[in-house]
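A single structure is presented below for examination.
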Amino acid sequence: MIAFVSGPVAALAPDSAVVEVGGIGIAVQCTPNTLSALRTGRQAKLATSLVVREDSLTLYGFADDDERQTFELLQTASGVGPRLAQAMLAVHSPDALRRAVSTGDEKALTAVPGIGKKGAQKLLLELKDRLGEPLGSGGPAIGTAVTTGWRDQLHAALIGLGYATREADEAVNAVAPQAAAAEGAPQVGQLLKAALQTLNRAR
């Protein structure tokens with residue numbers, strides 16, 4: 001297993017990063033929160049989880065070991081593959097997921113694209129004894145602030161989560177006032193959460 005990758009960031013895409021390790025470019029699938037903290041040409045260290053399928057080898061990257069461990073634990077629930085586990089971590093921090101499961105917060109899970117009411121109820125039952133208690137007492141951890149291109153990053157994240165271009169456009173426009181009102185640079189993780197809430201209300 002590849003536990004982590006470390007090296008300069010060679011390239012960034014809406015849902016992945018390429019990290020140069022020993023002269024080799026390693027493609028790593030990441031959430032918008034993780035990507036927002038990376039910069040091309042700068043050093044990065046990502047905790048990783050390798051998902052092996054018959055026809056593919058996919059490396060998923062995370063800001064820290066806690067996020068990686070949560071990603072792997074989520075997949076122990078029936079019906080949760082790496083894509084859905086990553087979508088859950090795109091919407092909620094590991095601690096927010098632990099808090100949602102420990103308190104039976106069905107609404108928090110249905111905020112994730114691909115999880116309906118019945119799916120959320122099933123996940124709450126299956127994950128209750130697996131994720132453990134929240135580590136912190138504060139609110140969910142939100143990704144690092146980005147200075148430019150929040151619209152593009154947010155739009156790409158929504159498309160990556162399965163929303164249509166029109167839905168993504170509307171959601172980005174809906175959270176624009178929140179981004180404009182933010183002190184300093186808008187935070188993509190926070191905006192993604194708000195955008196998903198507007199999309200859920202529209203459905």
(Q) Taking the side chain as everything from C-beta on, heavy atoms only, tell me whether Val112 gets closer than 4.5 Å to Leu84. (A)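 In contact.
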**Q.** Flag side-chain contact, heavy atom, 4.5 Å: Met88 against Ile115
**A.**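 They are in side-chain contact.
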Q: Identify which one of Glu72, Glu67, Arg68 satisfies the side chain to side chain donor-acceptor pair (under 3.5 Å) criterion when paired with Ser49.
A: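 In the set Glu72, Glu67, Arg68, the residue that makes a side chain to side chain donor-acceptor pair (under 3.5 Å) with Ser49 is Glu72.
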Q) Run the side chain to side chain contact (heavy atoms under 4.5 Å, CB included) check on Asn33 and Leu89 step by step: do they pass? A) CA-CA 9 Å; Asn33 279 355; Leu89 285 165; over 6 Å; no
Q. Hey, does Thr31 have a side-chain heavy atom less than 4.5 Å from the side chain of Gln86?
A.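 Gln86 vs Thr31: side chains touch.
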(Q) Test your reading of the model: is there a side-chain donor-acceptor pair from Gln178 to the backbone of Val175, 3.5 Å cut-off? (A)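 Answer holds: no.
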Q: Compare every heavy atom of Ala27 with every heavy atom of Leu59, then report the nearest pair and how far apart it is.
A: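 Closest heavy-atom pair between Leu59 and Ala27: CB-O, 3.8 Å.
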Q | Expected output: side-chain Gln75 to main-chain Ala85 donor-acceptor under 3.5 Å | A |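 Pair absent, no side-chain N/O of Gln75 close to backbone of Ala85.
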**Q.** For Leu38 against Ala44, the heavy-atom pair lying closest together
**A.**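 That closest heavy-atom pairing would be CD2-CB, 3.7 Å.
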Q) Roughly how far apart are Thr70 OG1 and Asp95 CG, rounded to 0.5 Å? A)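 Answer rounded to 0.5 Å: 8.5 Å.
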Q.
Do Leu57 and Val18 land in one hydrophobic cluster if side-chain heavy atoms of ILVMFWY residues count as linked below 4.5 Å?
A.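 No, because Leu57 and Val18 fall into different hydrophobic clusters, even though each may have its own neighbours under 4.5 Å.
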Q. Going hydrophobic residue to hydrophobic residue with side-chain gaps under 4.5 angstrom, can you get from Ile24 over to Phe4?
A.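 Cluster IDs for Ile24 and Phe4 differ.
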Q) Looking only at heavy atoms, which two atoms of Ala120 and Thr110 are closest? And how far apart? A)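 Of all heavy-atom pairs spanning Ala120 and Thr110, the closest is CB-CG2, 3.7 Å.
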Q) Among the clusters formed by ILVMFWY side chains lying less than 4.5 Å apart, do Leu125 and Leu97 turn up in the same one? A)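 No: no chain of side-chain contacts under 4.5 Å links Leu125 to Leu97.
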(Q) Between Pro32 and Leu154, is there a side-chain heavy-atom distance shorter than 4.5 Å? (A)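 Counting from C-beta outward, Leu154 and Pro32 never come under 4.5 Å.
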**Q.** More than 12 heavy atoms of other groups within 6.0 Å of Glu126 CD
**A.**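 More than 12 within 6.0 Å, yes.
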**Q.** Heavy-atom pair with the smallest gap, counting every atom of Ala77 and Leu123
**A.**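 Distance-wise, the nearest heavy atoms are CB-CD2, 3.7 Å.
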**Q.** Any donor-acceptor N/O pair, Arg83 side chain to Val80 backbone, under 3.5 Å
**A.**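 No; zero donor-acceptor contacts below 3.5 Å.
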Q. Counting distance only, does the side-chain N/O of Thr48 pair as donor-acceptor with the main-chain N or O of Ile2 below 3.5 Å?
A.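 Yes, the answer is positive, given that a donor and an acceptor are paired below the 3.5 Å cut-off.
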Q: State the CD-NZ distance between Glu106 and Lys122, to the nearest 0.5 angstrom.
A: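 Rounded to the nearest 0.5 Å, the CD-NZ separation comes out at 14.5 Å.
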Q. Do you know which two heavy atoms are closest between Ser6 and Val21, and how far apart they sit?
A.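 Closest heavy-atom pair between Ser6 and Val21: O-CG2, 3.7 Å.
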Q) Heavy-atom distance under 4.5 Å between the side chains of Pro82 and Thr58, does that happen here? A)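 Answer no - side chains too far apart.
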Q) To the nearest 0.5 Å, what is the distance between CG (Leu192) and CG (Leu196)? A)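 These two atoms lie 4.5 Å from each other.
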Q) Shortest non-hydrogen contact from Gly41 to Pro8? A)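 Looking at all heavy atoms of both residues, the closest pair is O-CB, 4.3 Å.
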Q: State, with a plain yes or no, whether a side-chain heavy atom of Leu73 is found less than 4.5 Å away from one of Leu127.
A: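 The answer is no; the side chains never approach within 4.5 Å.
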Q: Give, for atom OG of Ser102 and atom CG of Leu124, the distance between the pair rounded to the nearest 0.5 Å.
A: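 If we round to the nearest 0.5 Å, Ser102:OG and Leu124:CG are 10.0 Å apart.
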Q: Kindly compute the distance separating NZ (Lys45) from CG (Asp64), expressed to the nearest 0.5 Å.
A: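 Separation between the atoms: 11.5 Å.
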Q.
How long is the straight-line distance from CG of Asp15 back to OH of Tyr60, given to the nearest 0.5 Å?
A.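 Result: 9.5 Å between the selected atoms.
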Q) Does the side chain of Asp105 reach to within under 4.5 Å of the side chain of His92, using non-hydrogen atoms? A)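 No, side chains not in contact.
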